[in-house]
Amino acid sequence: TPSIVIIGAGIVGTNLADELVTRGWNNITVLDQGPLNMPGGSTSHAPGLVFQTNASKSMALFAKYTVEKLLSLTEDGVSCFNQVGGLEIATTETRLADLKRKLGYAASWGIDGKILTRAECKELYPLLNEEDILGGLHVPSDGLARAARAVQLLIKRTEAAGVKYRGNTTVTGIEQSGRRVTGVETSEGTIPADIVVSCAGFWGAKIGEMIGMSVPLLPLAHQYVKTTPVPAQKGKNELSNDASLPILRHQDQDLYYREHGDRYGIGSYAHRPMPVDLDELGTFAPETISDHNMPSRLDFTLEDFLPAWEATKQILPALRESEIEDGFNGIFSFTPDGGSLVGESKELDGFFVAEAVWVTHSAGIARAVAELLTTGKSEIDLGDCDIHRFEEVQLTPEYVSETSQQNFVEIYDVLHPLQPKLSPRNLRVSPFHARHKQLGGFFLEGGGWERPYWFEANAELLKEMPDEWQPPARDAWSGMFSSPIAAAEAWKTRTAVAMYDMTPLKRLEVSGPGAMKLLQELTTADMTKKPGAVTYTLVLDHEGGIRSDITVARLSEDTFQLGANGNIDTAYFERAARHQTENGTASDWVQVRDTTGGTCCIGLWGPLARDLISTVSSDDFSNDGLRYFRAKKVVIGGVTVTAMRLSYVGELGWELYTSADNGQRLWDALWKAGQPFGVIAAGRAAFSSLRLEKGYRSWGTDMTTEHDPLEAGLGFAVKMTKENFVGKAALEGRTEENSARRLRCLTVDDGRSIVLGKEPVFYKDQAVGYVTSAAYGYTVAKPIAYAYLPAAVSIGDSVEIEYFGRRIQATVTADPLYDPTMTRLRG
Ligand code: FAD
């Protein structure tokens, strides 16, 4: 097996060694700058609370696996996981509602939990001040990881299996040849390696710098204290570090708790963010590292903790009889979106990272990386923690610092799924931004882009909008970042014409004599169509999982424009292109270029789109002049444009692409020409609704690498008669009919209860799936939700969606709901 060096013997590095050994890899060296019995990273002092429930399915599943694994990791009859359960309490109505929503996540991802009343909380956790709490969420399978002990047991077990460990060995550089890693340079000499995985925790960015790779994490200090013995706890736990009460979260005060024998451990996020400059940490001679002296442990700043101490005495009055005995400011990693960082470097083949990982997710993420290395694919989708998910602007030190600190501040806040950052904003704006502002655009942020969701200028339209288009009133939660104006924008799109800003969608140009070969290899459709063809296709992994869905426009013999899903796609195509170019002859040469920032796109859609465009362009936009799924160069209002006849909203019209500098002129030309036709600017709120009515899947939610095209209802996009493509072999013999689960369209029976996504779906009272995408369908006058359901649940069946603890009746409905015969699109 390949030789592999793992940097870091914390909970991630040692789990990774173990997962690789389990898979038969035997040439593994783990290095740590610290001594192996106590390396001095975040794991060395981690209190080890494991709350599994997470909005991200992948993160919840990683946590579940960590629990299972640590439970089974035992020595002398003592396991590395103390399954005391987890209790999250609410002291506000908002929190209580949020815990109900969280219970929904737990059900969606297969974790058992229950909402407890105030009295039940008190019964489970007698130390609580009953008066202050309204209820709680109890997850019996949560508990405490004995992280440092797990590391020692993993070292022992993997050493016995042949893994080499070298403590007191600092990695100082990464060796490479021809963009492939060849080893690491260390304080003790060079160690050759075919693969290097950096599990260096909060030192991750430093290791990344060695190869010019941005690792967007910020080390921050977080306070943890231990109290003196609490009299009420005397005799409750036999061992000094033991616990028997559930781990406790008091998120309304940014606090968490565990027992250490008869003492208490208190973790606080209630203080100012304290970013750490690693260059100021100093060096630690191995023999001086101890419980109280290690790089990840900064001196305690009592004044930062005092409010937390007061809040503690309020919620756990028994602690008034104790004092703060020992405290520290412990360092660990924060990232711009709070997620972990996993994957192979774009810059250097064979160099991987697994960083910004909590103890909670450590074994799960280690398993995922081991699968990635040994089979090329993690069974659990890595999209939420893919190192490539960030845009360039999100990798700057300024952005990483500000957003990671913000994540620290908001770590326990109740955040709406659409809630935008307040800062930094206006990082990226499309050429239409000035016009959007004039129209009163309401902007949310995504990938650094300002994206209008609706326009206040359209509020007037609500008065003329027919009654049947009036949307139902929303509950407070689904009403956040939402406006009835979206209904008017949907109405106008379906009945007149609207302009949508599609600029933020990722565009890649694939060019060169080898472009066709590359795309034939990586996509499920036949690309050997004439220039001018546009194709909707899938990008699969070798097991048939959906890596992405893209549109490919063949602009010339050797130039293709891809509409992709984000930078994970960019990294994938760039790497594949590089390999094809390096390993092939001149005719294989191919280049991938991200053209998003230099170009822009208007989606001009609606039944009057053709009438509008013919007043401002002399090109032929008739059905014969530009057929459905075709592209051609046109001139609109004096601007050169690539027009593509396609539409995510399911109406007649075109995506109109031009360079960024020409964007505003194109907008203005269409806007002016559109006035007699009642043209409007429309935002993403209407867009999301219209696309769901049309049944168009969105990558990342409706499908990920965990789904194949048949389950996702995208079998039509796979051309099994094509000679070969990545994933083809895996799909042989699979059909929609023999899929164990299917992506289904649900419509809500009462016509007004709106859900947002990720809610569990119950069939015959069993949680059988979860909502992938949801929206109110303005045209069909019903809330819509898509969900993966077992094949046994079929069209016409009744299911229930759980929303904040309430069951909503829905019916499995044939899709698409809107224009299934495509007469509108092809009109
Ligand atoms: P680490 O344990 O930091 O390991 C990285 C290793 O890499 C280190 O040993 C380091 O010496 C080594 N290394 C770095 N650079 C080099 C180099 N150049 N050469 C050689 N070796 C190098 N998480 C939870 O899930 N639950 C909790 O309750 C919890 N509580 C926490 C409380 C505090 C106070 C803190 C600070 C963190 C807490 N965390 C918790 C977070 C958790 O501790 C970390 O996320 C986790 O331990 C990180 O593990 P790791 O293996 O990635 O990193």
Side-chain angles (χ1 to χ4, degrees), residues 5-16 30-36 38-52 54 59 62-63 66-67 70 86 142-145 147-148 150-151 154 166-174 184-188 191 196-210 217 219-226 247 249 256-258 265-269 274 276 278 281 284 286 289 294-298 300 327-335 340-342 353-366 411:
V5 163
I6 297 171
I7 307 172
I11 192 74
V12 178
T14 51
N15 261 303
L16 176 59
V30 183
L31 308 176
D32 205 292
Q33 64 195 5
L36 290 173
M38 184 176 283
S42 306
T43 310
S44 295
H45 56 57
L49 289 81
V50 176
F51 290 94
Q52 299 163 86
N54 196 296
M59 295 313 272
F62 291 145
T66 304
V67 169
L70 295 187
D142 287 347
L144 283 164
V151 166
L154 288 169
R166 293 169 69 165
N168 307 334
T169 305
T170 303
V171 172
T172 52
I174 308 294
V184 292
E185 247 171 58
T186 79
S187 51
E188 312 298 307
I191 304 172
V196 173
V197 187
S198 180
C199 304
F202 66 79
W203 287 272
K206 285 248 163 238
I207 307 279
E209 273 169 25
M210 295 176 188
L217 66 77
L220 282 168
H222 149 59
Q223 293 198 302
Y224 192 77
V225 309
K226 279 187 195 169
I247 53 173
R249 259 184 187 165
Y256 64 83
Y257 302 93
R258 60 159 290 181
I266 309 169
S268 169
Y269 295 102
M274 307 187 222
V276 177
L278 294 190
L281 272 189
F284 288 71
I289 293 188
M294 60 171 91
S296 62
R297 199 184 146 115
L298 301 179
F300 188 53
F328 63 96
N329 296 355
I331 308 171
F332 73 114
S333 309
F334 280 77
T335 58
S340 297
L341 305 173
V342 179
V353 301
E355 283 154 349
V357 179
W358 286 32
V359 168
T360 302
H361 311 110
S362 57
I365 286 190
I411 191 158

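Whatever order the structure lists them in is the order used to number ligands and atoms, beginning at 1. Only a predicted model underlies this, so the values are computations on that prediction, with no experimental measurement involved.
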Which N/O atoms of ligand 1 sit under 3.5 Å from a protein N/O, and at what distances?
from     : atom 1 : to     : atom 2 : distance (Å)
ligand 1 : 2 (O)  : Ser42  : N      : 3.4
ligand 1 : 2 (O)  : Thr43  : N      : 2.9
ligand 1 : 2 (O)  : Thr43  : OG1    : 2.4
ligand 1 : 3 (O)  : Ser42  : N      : 2.8
ligand 1 : 9 (O)  : Asp32  : OD1    : 3.3
ligand 1 : 9 (O)  : Asp32  : OD2    : 2.6
ligand 1 : 11 (O) : Asp32  : OD1    : 2.6
ligand 1 : 11 (O) : Gln33  : NE2    : 3.2
ligand 1 : 18 (N) : Val171 : O      : 3.1
ligand 1 : 19 (N) : Val171 : N      : 2.8
ligand 1 : 21 (N) : Gln33  : N      : 3.0
ligand 1 : 25 (O) : Val359 : N      : 3.1
ligand 1 : 25 (O) : Thr360 : N      : 2.8
ligand 1 : 25 (O) : Thr360 : OG1    : 2.6
ligand 1 : 26 (N) : Leu49  : O      : 2.8
ligand 1 : 28 (O) : Leu49  : N      : 2.9
ligand 1 : 45 (O) : Val357 : O      : 2.7
ligand 1 : 47 (O) : Thr43  : N      : 3.2
ligand 1 : 47 (O) : Thr43  : OG1    : 2.9
ligand 1 : 49 (O) : Thr43  : OG1    : 3.2
ligand 1 : 51 (O) : Ile11  : N      : 3.1
ligand 1 : 51 (O) : Val12  : N      : 3.1

Check: Ser187 side chain, Thr170 main-chain N or O, donor-acceptor pair, under 3.5 Å: yes
Partners meeting side chain to side chain donor-acceptor pair (under 3.5 Å) with Ser296 (sequence neighbours left out): His45
Residue list, side chain to side chain donor-acceptor pair (under 3.5 Å) with Gln52, at least two apart or on another chain: Ser141, Asp142
Residues that Phe300 engages under ring-ring contact (aromatic ring centres under 6.0 Å, His included), provided they are two or more places apart: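 Residues passing ring-ring contact (aromatic ring centres under 6.0 Å, His included) with Phe300: Phe305.
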Parallel, tilted or perpendicular: ring planes of Phe332 versus His222, cut at 30 and 60 degrees: perpendicular
Geometric class of the Phe334/Tyr269 ring pair [parallel <30°, tilted 30-60°, perpendicular >60°]: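 Perpendicular, since the angle between the ring planes exceeds 60°.
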